[in-house]
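Have a look at the structure below before the remarks.
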Amino acid sequence: MEITQQIVRAVACGIKTLYGADCETSKIQLQETRPEFEGNMTLVVFPFLRASRKPAEETAREIGEYLTAEVPDVVARFNVVKGFLNLVIAPAQWIKLLQEINGQERFGFRPVTDESPLVMIEYSSPNTNKPLHLGHVRNNLLGWALANVMEANGNRVVKTNIVNDRGIHICKSMLAWLRWGNGETPESSGKKGDHLIGDYYVAFDKHYREEVKELVAKGMDEEQAKQEAPLIKEAHEMLVKWEQGDPEVRALWKKMNEWVYAGFDETYKALGVGFDKIYYESDTYLEGKEKVEEGLAKGFFYRREDGSVWADLTKEGLDEKLLLRSDGTSVYMTQDIGTAKLRFQDYPIDKMIYVVGNEQNYHFQVLSILLDKLGFKWGKDLVHFSYGMVELPNGKMKSREGTVVDADDLIQTMIQDAAQMSADKVLRLEDITPEEAQEIARIVGMGALKYFILKVDARKNMLFNPEESIDFNGNTGPFIQYTYARIRSILRKAKEKGISLPDELPLTAELSDKEISLIQHLNDFAQVVRQAAGDYNPSCIANYCYELVKEYNQFYHDFSVLREEDAQKQIVRLALSEAVSKVVRNGLGLLGIEVPERM
RNA sequence: GGUUCGGUAGCUCAGUUGGAUUAGAGCAGCAGCCUUCUAAGCUGCGGGUCAAGGGUUCGAGCCCCUUCCGAAUCACCA
């Protein structure tokens, strides 16, 4: 059994025996002892003063005496400082714990069974009119990491993507391509499909704004001009044709979307993310209309004179929300209702998580209420995993002002920079093929990008500084990967020397304070994984990995593994190195960050 | 204006269910350390009224209230 659990149980017994009071185990706080005091674990006794009716120090002393008497093989000795009871744990317990961590391939993970709750996670959700940018990168990385974290906590996970493949935005691109494209294709232009379509979307916007400007110059007010401009009217007509199933429009739509999907697939592959089930808005929006009509019949919603359908949420403290336009076409909310319906038909969902930016907090607040009204059992408890915006040093990302960071460009830059960095350190690895070097550059470059984004608390807006992201010093992915590679090198060399880990570590081995501290922190991993799932926030895993690796690095400079002469000490240090590498690999793995065996 | 979320070192960020006279990392600056298991590293120095004020208690960066600042949102856009 784990050390903490043993002590908690013993303390609960002690409170009962000494003071005759029952004690909830959740009130028993064990924390790491501060380095300036002797001991490994500290019990905070303040919560027990009510039961003991004695001064803090006396209470602490009594509990300490009880523990050393009852569980002497765990608590070797103790000391008291004010209300804090510092416990010195028997070294053999730490060895056992280390052995336990090393004995499991995935220490800290919970198994997934057929009875595990089914969690569906929606992320990415691109529009098909432009390529992915930095904001999507954050979304994709968070979604993928969160899916891994939920799975590590014993949930069945279905990763899903809802592609916004229909709507006015894609009509704009189509229209622009028809008008100015001269039949250009990804093959003929050599452009990636999503970039090609994105270029036409930009072209549409440019011409559209010129039209609006002209109309305003002729004396029309701006709001009216935006609606009356010929291009936007034409795009709306196209949307109506699309909804009517016009063969020509549908054929073009299909062709252009295929180009975009091919482009997205490349980007997803480079990011290392994927999906179990992809939904398309074109398949779900009609379902949504149906569901809205159903709600209308049941009196949840109402129809206005112009024919539009609304939900009145003023009782919930919100506004009225449009569900169907007066021309009968559906809006964003309608689509999400339809998608929910299809998903629920496809899977017995227990929990639904939407990974969507915080600009849509209101949308999901409304969606939760609507789904609940419409009878989805997970609607009320749906989780909107809301992440902050990515800002650039010179302001926000704005596609109109051309200050977006394109995902594909970014990925390429990161990998090239990583390759450059390792080329500068070329002395290190002599026997390396160009292919291996390229693969290491890919792992390190992507690791730098992923770690830079995932280490930040997902809820907060973050600043993406391109220069800093390729700096591999400090709290970065490459620093962690580098330490991992060094540990693997030690383990390889140990093997060459014929040193291997025995099935049973020597319980009599001596441990330094640093070694005990490292074992304690390795043990924390299980808790961190649980916390990440509880908060729906993977960033704590990133920061944990950094702390662990930093501690190992300090350790590394003070102790040697291969040159240690005491056989027992050497075995323990080897086991520690093994454990650190394993935990780091699993931790980064949850974040979707790969580790290189050498670099 | 309503709602939601933020405010911690010059900059970017940690800070676990409230815990220990001294709130931590990294970057940037300064000073050391490579005949050593991989120096993409390690050690030291300087840098803070945790936005402000009040409250809760043995104890608050963390919980409650007020104020200030910032962001998002409140569309027949997605």
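Protein chains get the first letters and strands the later ones, always in sequence-line order, with residue 1 at the start of each.
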*Any salt bridge between A:Arg442 and A:Glu594, counting N to O under 4.0 Å?*
yes
*Atom NZ of A:Lys130 and atom P of B:C77: how far apart are they, to the nearest Å?*
16 Å
Using the 3.5 Å cut-off, write out each protein N or O paired with an N or O of nucleotides 42-44 of chain B and the distance between them.
| residue | atom | partner | partner atom | Å |
| --- | --- | --- | --- | --- |
| B:C42 | O4' | A:His557 | NE2 | 3.4 |
| B:U43 | OP1 | A:Gln554 | NE2 | 3.2 |

_For a quick check of understanding: with a heavy-atom distance under 4.0 Å over all strands, which category does A:Asn86 fall into, base, sugar-phosphate or nothing?_
base
*Within residues 46-61 of chain A, residues whose heavy atoms come under 4.0 Å of RNA chain B*: A:Phe46
*Are A:Tyr546 and B:A25 stacked, counting the six-membered base ring, centres under 5.5 Å, planes under 30°?*
no
*Between B:A78 (C1') and A:Leu367 (CG): distance, integer Å*: 14 Å
*pi-stack flag for A:Phe84 and B:A20, centroid dist under 5.5 Å, interplanar under 30°*: yes
*For A:Gln360 and B:A75, give me the distance from atom CD to atom P, rounded to whole Å.*
14 Å
_Residue A:Asn127, side-chain atoms from C-beta onward, closest of B:A25, B:G41, B:A78_ = B:A78
*Within this structure, what is the NE2-to-C1' distance between A:His363 and B:U3, rounded to whole angstrom?*
17 Å
*With a 4.0 Å cut-off on heavy atoms, is A:Phe559 in touch with a base, just the backbone sugar-phosphate, or nothing at all?*
base
Hey, what are the protein-to-nucleotides 8-13 of chain B N/O distances that come in under 3.5 Å?
| residue | atom | partner | partner atom | Å |
| --- | --- | --- | --- | --- |
| B:C13 | OP1 | A:Leu463 | N | 2.7 |

